[in-house]
Amino acid sequence: MVMPPIKATKQMKKLMEDHFLGLAKAKEEGNPKVAWCTSVGPAELLHAMGFDVYFPENHGAMLGATRMATDLIPEAVAAGYSPEICSYLTSDVGSYLAGQTPLTRAYGLESVPRADVLVFNNNQCREVQDWFMFYAREWDVPLVGINNPRVIHEVKESHVADVKSQMHDMIPVLEQVSGNKFDIDRFREVVGLSKQCTIRWRKVLEGAAHHPSPMTFFDHCIHMAPAVVLRGKQEAVDYYDLLLAEIDQMVQDQVAAVPGEQVRLYWDGMPVWGRLRMLSELLNELQAPIVSSTYCNSWIFDALDERDPFDSMARAALELFNVRDDDFKEGYVKEWVERCGVAGIIFHDAKTCPYNTNSRFAMPQRLSQELGLPTLVINGDLNDLRFFSDEQAKTNIEAFVEQLLEQAA
Amino acid sequence: MASHFAGIDVGASATKVAVVDEQGDLQGHAVRRSGVDFAASAQEGFQRALAMAGLQAQDIAGVISTGYGRKNVPFAGASRTEIACHGAGAYFHYPQAITVVDIGGQDNKIIKLDAQGRRKSFKMNRKCAAGTGAFLEEMALRLDLELGAMNQLAAAAREEVTLGAFCTVFTGTELLSKIREGVRVEPLVKGLFRSVVKRVREMDTLTNLVVMTGGVVAHNPFLMEMMAQEVGREVVTTPRPQLNGAWGAALLARDQLT
Ligand code: SF4
C-alpha cells in the first residue's frame, strides 16, 4: 500500500526553490552578500549580519540523492582529495571542478552561488574546514570559523566562553564583507526565530513516539530541510506549523507512515542518500519503520535563547551530539529509543564520515547489553555508493527484522 | 498426501537443494552452479533432489528459498534469509546454544542461537571477499593449484607462512613475493587458511559450541582443525555442511506447515 504523500511537501519544495532563487538573485545583484555556512554552524549570526546563507552540505546531500556524487567524486580524487575523506566534500569539490550541479535541473541555477565569505564550525567534524578552505583559496575570499572543543561529556562554562569569544572574533570580518554593522537586537530576533523553529522541529520528531508513527526517518530526511537551511527565518517557523497541523491530524486519524507496522527501528549515522528510496521501500515491505534517528535529531538546538544570543548559540553548538563523548551519546540514543518504542537499532558505518558513525568503538555492543535490544551495523556511505552493497544491506536488514519479529512472537 | 519439504539455497556461486521428510531427515539433495539463470538452476536442482528422494513435485508440501537469489525461485512459497536458514540447519543437528560459522562463496556469517534455537545475534562480513570462498579460489588460481588440492596441502604443511595483507589483491601480491623467495607451497596454503580463520575470528566473539558450515568447510575440513586450535576447544560441523542452508530452509518450510 502506498501512503498518500504528506501535503506540506509542496510548500517545502516552494520554500527550497525560493531559497535557491534568492541566492541566485543575490549573486546577480551583488546584494545581499552570500555566506556559506556549515549545517550546524553559526547561521543565526550570519542572518543577523544581513547575509543570504548557503549550506554546502545541503548541496552534498543533493549530489548524493541524485547519485551524481558517484561520477563526481573521482574528479576531486584526481585533484588530490582522498576517496576516504568526507564524500560530501569530494562530491561537492568534484561537482565544482566538473562544472555540474543538481541545482541546474532542480532550480535552473547554472552553478552554486559563490561565497563572499565562508564560515564554519568544526563541531561536527574537521572536514568542513578543509572543504571550505578549498573555496577560500579558489575564490580568494575570507574563511572564518569556530574551533569547537570535541568529545566532551558535559558542556562546561570554559567551553562556552571559548566558543563565544570565537564568535565575537568573527564579527569584524563579517561586518567588512557584508558592509553592515552588527546589531544585537537583530541578532536576538534571529535567534528567537531559530528557537521557534527548533521547538517545532523537535515536536515533528517526537510525533514518531505515537503508535503507529505518522512519519519515518525517510520523511524526516526530507522535511528537515527548512530546519537546516532556513532556521532563523520566519518561513521555517510557519512551515513547521503547517507540517505539525498535518501530523496532528494524522495522529488523530491513526494514519501510519508504514501500514501494519510490526517493529520500530532507530537509525544511527548518516543517511545513504542515493539509496533512501530503496531502503524506505524495503522497510515498508518488512513493515518495520525507522521512526527515529540521531541524524535528524541533530538539528534540535534546545539551548537557543534570544535573551542571551551569544551564550545560547555557543551552548547549542557545544551540546551537539557529534561533540559529545560516547557515554553521553549512549544516554541520548537510549532516551529516543525509549521515547519512540524502538525494538532494534541500525548503525550505519559510513566509510567516509567517522564523525557521524558511532559503531566503531563498540557502542552497538554496549547499547545492546544495556537496553536488551539487538543492534545491527551496516556498511555503506552517505554519498559514495561504491562503499555500499545493496544485496548485503538488504539481507542484513531483512535478517535483522526477521530476528526482531521472532523475538516479539 | 504431501509429506516432504524442500529448501532451495541460491547462493552467488552454487545452488543447493534439500528435500526432507517430516522428521527433518534428508531424503534428497543437489548442488549445482547458480549460473546466470537462478530460476532455472533452482528448478533443475529441485528436480534432481526429488529424483534422488524418489518423489514427485506433488509430494512436496512446502518450499522455502534462501540465499542471494532467494527472490528468484518462482515455485517457492516463501523466502527466508540465509541467516535464518543456516541457524535452523545447524540447530537441527545441535539443539543447544550454538554459534554457527558459515563460510560461503562470497560472504561469511556468524549466527548465535540460544538453547531454544532463538537467534540472539548475527553478523555478515563486509563487502570485501577476504576470508571467503572467493578468496581461496582466487589464491588457488595465483598458486596454479586445483581448488580441491588445497586442503591436503594445508594439512600436510609442517610450517606456516604468515600473510599480513587484508585484501585479496594484496594477499595475491604477497604470495607472489613469497614464491620468489622460494617458500614452499604447503606452508603458503596453510597461511591462507589461517587468514580465512582470522578474518572469521574478528567478525564476532565465538561463544558456546562452534558449528562450522558452508561449502568451503565441506571441501576444506582442515579449516575446522585450525579453527579449533584458535578457539581452544572442539569445533563441529553438520553432516552436509554445504547443504546446511538448504536443509535449514526445508526445516523452516516444515515448521511453517506443521
Ligand atoms: S560530518 Fe561527516 S558528512 Fe558531514 S561534513 Fe563532516 S565528514 Fe562530511
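None of these values were measured; they are calculated from a predicted model.
B/Ser79 contributes atom OG, which lies 5.5 Å from atom CD of A/Glu398 (distance to the nearest 0.5 angstrom).
The contact between A/Gln403 and chain B is made by backbone and side chain atoms together, counting heavy-atom distances below 4.5 Å. B/Lys109 does not touch chain A: none of its heavy atoms, backbone or side chain, sits under 4.5 Å away. A/Glu391 touches chain B through its side chain: at least one heavy atom from C-beta onward sits under 4.5 Å away, while N, CA, C and O do not. Using a 4.5 Å cut-off between heavy atoms, A/Ile378 makes no contact with chain B at all.
Summarising the local packing, CZ of B/Phe75 is surrounded by more than 12 heavy atoms from other residues, nucleotides or ligands at distances under 6.0 Å. Counting non-hydrogen atoms of neighbouring residues, nucleotides and ligands closer than 6.0 angstrom, the CZ atom of B/Arg240 reaches no more than 12 such neighbours. Counted within 6.0 Å of CD on A/Gln369, heavy atoms from surrounding residues, nucleotides or ligands total 12 or fewer; the atom is thus considered open. Crowding of A/Arg360 atom CZ: a count of heavy atoms from other residues, nucleotides or ligands under 6.0 Å exceeding 12. In the displayed structure, A/Lys334 atom NZ is contacted under 6.0 Å by at most 12 heavy atoms of other residues, nucleotides or ligands. Heavy atoms from other residues, nucleotides or ligands lying under 6.0 Å from CZ of B/Arg142 number more than 12. Remark: A/Lys329 NZ is packed, more than 12 non-hydrogen atoms of other residues, nucleotides or ligands lying under 6.0 Å away.
Listed in order of number, the residues of residues 70-83 of chain A that approach chain B to under 4.5 Å between heavy atoms amount to none.
Applying the salt bridge (Lys or Arg N to Asp or Glu O under 4.0 Å) test to residues at least two apart or on different chains, none of the pairs has a partner in residues 282-293 of chain A.
Here the side chain of A/Gln392 pairs no donor or acceptor atom with the backbone of B/Met124 at under 3.5 angstrom. Side chain of A/Glu406 to backbone of B/Arg118: no donor-acceptor contact under 3.5 angstrom is found. With B/Arg80 contributing its side chain and A/Glu402 its backbone, the two residues share no donor-acceptor pair below 3.5 Å.
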Worked verdict on B/Phe122 versus A/Asn396 for side-chain contact (heavy atoms from CB on, under 4.5 Å): CA-CA 9 Å; B/Phe122 72 93; A/Asn396 265 304; 3.2 Å; yes
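Closest of all the heavy-atom pairs between B/Thr81 and A/Thr395 is CG2-O, 4.1 Å.
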